[in-house]
Amino acid sequence: MRVREVHGFDLAPAEARRLQEELAGRVEEGPPLEVGRVRHVAGADVSTQDGVAYATVAVLDFPGLSVVEVRGFEAPLRFPYIPGLLAFREVPAVIGALRAVETPVDALICDAQGRAHPRRMGLACHVGLFVDVPTVGCAKSRLVGGFREPGEERGSVSDLVHGGEVVGRVVRTRRRVSPVFVSVGNRIDLDSAVELVLACCSRYRLPEPTRQAHNAANRLRREGQMGLL
DNA sequence: GCGACAG
DNA sequence: ATCTTGTCGC
């Protein structure tokens, strides 16, 4: 996959925040994604240990959701975990894994927030500025925003509001399980993002692309390799 | 000043 | 995210 070199990552926290404010203006909300024409969906995730980031990208066919490619990349962690600045810690590794992907991908789901971020620049937005693929943020917990608990049925949703605007949606992907937080990464609209995430959740709470990437990242970290493919 | 806080 | 055993449930 083609990856653009938007900027370097050798920055201090204060500089990182200023850069986010600038980059947020380059993020595109929309156009709608024609989920019916999606052939491949990818998921990205990162596992860490002892100062090393193990990033992986899993590519699945759609709507079948079987894994067709898995790539991994290791990189030293040069930035601490600071709420709101996760991208500066993990994106360098994610970019490495994305460069190795050969299958044409129609959408990428990241295990983090997109626009549901204090400066509207979550990791999914950040990754989205480096690639020519629509990106979606699907986090397991909230970073910012208020919301009403969605209904207990699969498919129930509620708006995630921050600073007076709808920055994402709280989505119940399975009956009675805690909801996930979906938001726009780049080049896709919120409704399409939610539709895609739901279409990727069959038997588990998290979308298959992200779930597969997560498993692969842990295998890469623990066993030094990812297995299949 | 006091909490909250993606992974 | 990672550190960690067993346990309850489908």
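Proteins come first, then strands; the chains are lettered A, B, ... in the order of their sequence lines, and each starts at number 1.
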Can a side-chain donor-acceptor contact be found between A:Asn186 and A:Thr135 if the only test is distance below 3.5 angstrom?
no

Does the side chain of A:Lys140 get closer than 4.0 angstrom to OP1 or OP2 of B:dG7 through an N or O atom?
yes

Take atom OH of A:Tyr54 and atom C1' of C:dT2, then tell me their distance rounded to the nearest Å.
12 Å

Rounding to an integer number of Å, can you tell me how far A:Phe147 CZ sits from B:dA4 P?
15 Å

For A:Leu85, report the nucleic acid contact type (base, sugar-phosphate, nothing); a contact means any heavy atom under 4.0 Å.
base

Centre of A:Tyr54's six-membered ring, under 6.0 Å away, within 45 degrees of the axis: is that where NZ or CZ of A:Arg221 sits?
no

A:Gln49 side chain, from C-beta outward: closest of B:dC5, B:dG7, C:dC3:
C:dC3

Check each of A:Lys140, A:Arg211, A:His214 against A:Asp111 using the side chain to side chain donor-acceptor pair (under 3.5 Å) test, and report the only one that passes.
A:Lys140

Which is true for A:Asp50 with a 4.0 Å heavy-atom rule: it touches a base, it touches only sugar-phosphate, or it touches nothing?
nothing

Which is true for A:Ala139 with a 4.0 Å heavy-atom rule: it touches a base, it touches only sugar-phosphate, or it touches nothing?
sugar-phosphate

Which of the following nucleotides, B:dA6, C:dT2, B:dA4, is nearest to the side chain of A:Leu123?
B:dA6

A:Arg176 CZ to C:dC10 C1': how many Å, rounded?
14 Å

Does one hydrophobic cluster hold both A:Val167 and A:Val136, with members joined at side-chain heavy-atom distances below 4.5 Å?
no

side-chain contact (heavy atoms from CB on, under 4.5 Å) test vs A:Leu129 passes for just one of A:Arg4, A:His7, A:Arg187, A:Met121, namely A:Met121

Would you please confirm or rule out a distance under 4.0 Å between OP1 or OP2 of B:dC5 and any side-chain N or O of A:Ser141?
no

By a 5.5 angstrom centroid cut-off and a 30 degree plane limit, is there stacking between A:Phe181 and B:dA6?
no

Which nucleotide, C:dT2, B:dA6, C:dA1, lies nearest any side-chain atom of A:His214?
C:dA1

Quick one: label A:Gly84 by what it contacts on the DNA or RNA (base, sugar-phosphate, nothing), any heavy atom closer than 4.0 Å.
base

What is the separation between atom CE on A:Met121 and atom P on B:dC5, rounded to the nearest whole Å?
22 Å

Whole angstrom is fine here: how far is it from CZ in A:Arg119 over to P in B:dC5?
16 Å

Look at all strands and tell whether A:Arg222 reaches a base, only sugar-phosphate, or nothing, counting heavy atoms closer than 4.0 Å.
nothing

Among B:dC5, C:dT2, B:dG7, the one nearest A:Asn218 by side-chain distance
C:dT2

A:Arg221 CZ to C:dA1 P: how many Å, rounded?
10 Å

If you check the A:Arg89 side chain, which of B:dA4, B:dA6, B:dG7 turns out closest?
B:dG7

A:Arg169/A:Asp159 ion pair, N-O < 4.0 Å:
yes

Whole-Å distance, A:Leu86 CG to C:dT2 C1', equals 15 Å

Taking atom P of C:dT2 as reference, at what distance in whole Å does atom CD of A:Glu90 sit?
10 Å

Can you see if the side chain of A:Thr48 gets near the phosphate of B:dG7 - specifically, an N or O under 4.0 Å from OP1 or OP2?
no

